[in-house]
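First the proteins, then the strands, lettered A, B, ... as listed; each starts at 1.
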Amino acid sequence: MEAESYSDPEIAEYISQNFIPLTFNIKQKGPVFHQYNVLWTPTVLLLDSEGRERYRSEGYLPRGEFFARLLAGEARLEFMQKRWSEAERINKQIVERFPKSTAVPEAMYWAGVVRYKSTNDHSGLAPLASDLKVKYPESVWTKAASVWAG
Amino acid sequence: MLVQWKDDLNAALAEAKQSEKPLLLDFSAAPA
């Protein structure tokens, strides 16, 4: 991950601006692996400011997919803080910037949930479920949204 | 710009609490 993603200037800036970044190598920091139940490398965890794990990515991802997944994690952090507009903005950014990413159906799903949570208006959920079904028929997020279709 | 990685977990957790900034933890087995 170091050679490819972290050396990318945009990803490096994004990480530096939005997170306190720590790195642990299994040879020097084995106990931290155990503390966070890290079973495989590379693994990236996002913790909120209270130190609670909120997002986990396990295994290698190419640059674009990695960036999309980091954004998904950030969106989740915002969601858990009930910062709805930020969560929605980031999920839309994933869809727009990384249209081929496997993170897109998940981002679409959570953007819909955020809209509902922030407005209490569920009228957008059924169209979203249909949209997911058309664009990502095999996605687990399409299956999760299928209950909205009625 | 390169990422300025830290490795002191306790210090970073304290910084996160004070600054209300989330943390990114990267776990690797790559040769140092």
Side-chain angles (χ1 to χ4, degrees), chain A residues 1-60 66 70 73-74 76-78 80-81 83, chain B:
Chain A
M1 208 85 91
E2 182 66 40
E4 184 180 343
S5 290
Y6 295 137
S7 58
D8 178 285
E10 188 180 7
I11 292 177
E13 183 176 359
Y14 164 76
I15 290 172
S16 299
Q17 301 254 343
N18 292 286
F19 300 97
I20 298 169
L22 295 105
T23 189
F24 302 108
N25 187 286
I26 193 165
K27 289 188 176 142
Q28 288 93 38
K29 297 280 188 174
V32 184
F33 279 64
H34 183 71
Q35 180 178 351
Y36 286 98
N37 294 313
V38 174
L39 306 175
W40 190 245
T41 61
T43 287
V44 174
L45 304 185
L46 300 183
L47 311 184
D48 65 18
S49 61
E50 295 295 318
R52 293 171 294 210
E53 180 180 335
R54 295 304 192 192
Y55 195 79
R56 175 176 290 238
S57 175
E58 296 171 308
Y60 165 80
F66 177 71
L70 270 190
E74 188 191 2
R76 184 159 189 83
L77 284 165
E78 298 293 347
M80 299 196 82
Q81 296 284 329
R83 292 197 281 256
Chain B
M1 167 187 266
L2 293 177
V3 179
Q4 301 297 312
W5 295 103
K6 303 170 192 274
D7 65 2
D8 185 333
L9 179 61
N10 289 333
L13 287 168
E15 182 186 346
K17 194 159 188 158
Q18 212 229 337
S19 65
E20 295 187 341
K21 206 170 180 184
L23 305 104
L24 183 152
L25 276 58
D26 168 73
F27 293 86
S28 164

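- Heavy-atom distances place the backbone of Q4(B), and not its side chain, under 4.5 Å from chain A.
- Between D7(B) and K29(A), the shortest heavy-atom distance links the atoms O-NZ, 3.3 Å.
- Here E20(B) contributes atom CD and D48(A) contributes atom CG; the two are 10.5 Å apart, rounded to the nearest 0.5 Å.
- In this pair, Y36(A) and F27(B) present their aromatic rings tilted. The plane angle is within the 30 to 60° band.
- Of all non-hydrogen atoms in I20(A) and S19(B), the two that sit nearest each other are CD1-OG, 4.0 Å.
- Proximity to chain B (any heavy atom under 4.5 Å) is shown, for Q81(A), by neither the backbone nor the side chain.
- Residue L25(B) is tested with T23(A), T43(A), L22(A) for a side-chain contact (heavy atoms from CB on, under 4.5 Å); the sole match is L22(A).
- Residue contact with chain B, scored on non-hydrogen atoms closer than 4.5 Å, involves the backbone and the side chain of V32(A) alike.
- How far CG of L24(B) is from OH of Y14(A): 8.5 Å, rounded to the nearest 0.5 Å.
- Residue contact with chain B, scored on non-hydrogen atoms closer than 4.5 Å, is absent for I11(A).
- Contact count against chain B (heavy-atom pairs under 4.5 Å) is highest for A12(A) among P9(A), A12(A), G73(A).
- Heavy atoms of E50(A) lying under 4.5 Å from chain B belong exclusively to its side chain.
- Atoms OG and NZ, on S49(A) and K17(B) in that order, are 8.5 Å from each other to the nearest 0.5 Å.
- Annotation: the span from D8(A) atom CG to L2(B) atom CG amounts to 11.0 Å, rounded to 0.5 Å.
- Heavy atoms of L46(A) lying under 4.5 Å from chain B belong to its backbone as well as its side chain.
- Shown here for P22(B) and N18(A), the closest heavy-atom pair between the two residues is CG-O, 3.4 Å.
- In this structure, F33(A) and S28(B) approach most closely via the heavy-atom pair CZ-O, 3.5 Å.
- Q17(A) touches chain B through its backbone: at least one of N, CA, C or O sits under 4.5 Å from a heavy atom, while the side chain does not.
- Options V38(A), L47(A), I26(A) differ in how many heavy-atom pairs under 4.5 Å they form with chain B, and the most are formed by L47(A).
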